[in-house]
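No hydrogens, no waters, no symmetry mates; every other heavy atom, side chains included, goes into these values. Just so it is clear, the structure is predicted and the values come from calculations on it, not from any experiment.
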Amino acid sequence: MRLYLSSFRMGDHFETLLAMIGPKAKVAVISNAVDFIPAMDREAYVRTVFDPIAVFIDQGLAAFDLDLRDYFARSDALEAALADVSLVWAVSAKRVL
């Protein structure tokens, strides 16, 4: 397993990540860490500030949203969904109360 960690968006060495996975790789973007934010606000953020799926697609990768809620108690289905994925990009969030 290889890890590429970034604390802000794609980080300072995005080209390193792209080299690690190769061209046309399949990328699963998991955004469940922000499920506590209202859907309308999440959609506005993606539209106007930052959309990781669009960033990967702009690099020629096959990026898609993988909602883990669709796989509760269905680990076999999740395993199948990830079978040909080269990269899992997990969005993180800090909740301020």
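Between atom CG of residue L18 and atom CE of residue M10 there is a gap of 9.0 Å, rounded to the nearest 0.5 Å. The structure places CD1 of I21 at 9.5 Å from CD of Q59, a figure rounded to the nearest 0.5 Å. Of the inter-residue distances, the one linking L87 atom CG with L61 atom CG reads 8.0 Å to the nearest 0.5 angstrom. Here the OG atom belonging to S31 is positioned 10.5 Å from the OH atom belonging to Y45, to the nearest 0.5 angstrom. Separating the CG atom in L82 from the NZ atom in K26 is a distance of 9.0 Å, to the nearest 0.5 Å.
Here the shortest heavy-atom pairing between D41 and I37 reads CB-CG2, 3.8 Å. Nearest heavy-atom pair across F64 and A81 is CZ-O, 4.4 Å. Across every non-hydrogen atom of A93 and A33, the tightest pair is CB-O, 3.9 Å.
Grouping the Ile, Leu, Val, Met, Phe, Trp and Tyr side chains by contacts below 4.5 angstrom, directly or via other members, places L66 with V88. I30 and I53 fall into different hydrophobic clusters, defined by Ile, Leu, Val, Met, Phe, Trp and Tyr side-chain heavy atoms under 4.5 Å apart, directly or through other members. V85 and V29 are members of different hydrophobic clusters when ILVMFWY side chains are connected at heavy-atom separations under 4.5 Å. Note on F72 and F36: separate hydrophobic clusters, where clusters join Ile, Leu, Val, Met, Phe, Trp and Tyr whose side-chain heavy atoms are under 4.5 Å apart, directly or indirectly. V46 and F50 sit in two unconnected hydrophobic clusters of ILVMFWY residues. Membership requires side-chain heavy atoms under 4.5 Å apart, directly or through other members.
Under a 3.5 Å cut-off, the side chain of R2 and the backbone N or O of M20 do form a donor-acceptor pair.
Two residues are said to be in side-chain contact when any heavy atoms from C-beta on lie closer than 4.5 Å; P52 and R9 fail this criterion. When side chains are defined from C-beta on, D67 counts as touching N32, because their heavy atoms get closer than 4.5 Å. Looking at heavy atoms from C-beta onward, E15 lies out of side-chain contact with L17 at the 4.5 angstrom threshold. In this structure, the side chains of W89 and Y4 come closer than 4.5 Å at one or more pairs of heavy atoms. At least one side-chain heavy atom of L68 sits under 4.5 Å from a side-chain heavy atom of L78.
A tilted orientation is assigned to the rings of F56 and F14, their planes being inclined by 30° to 60°.
The 12-atom threshold is not exceeded at CG of D12, counting heavy atoms of other residues, nucleotides or ligands nearer than 6.0 Å.
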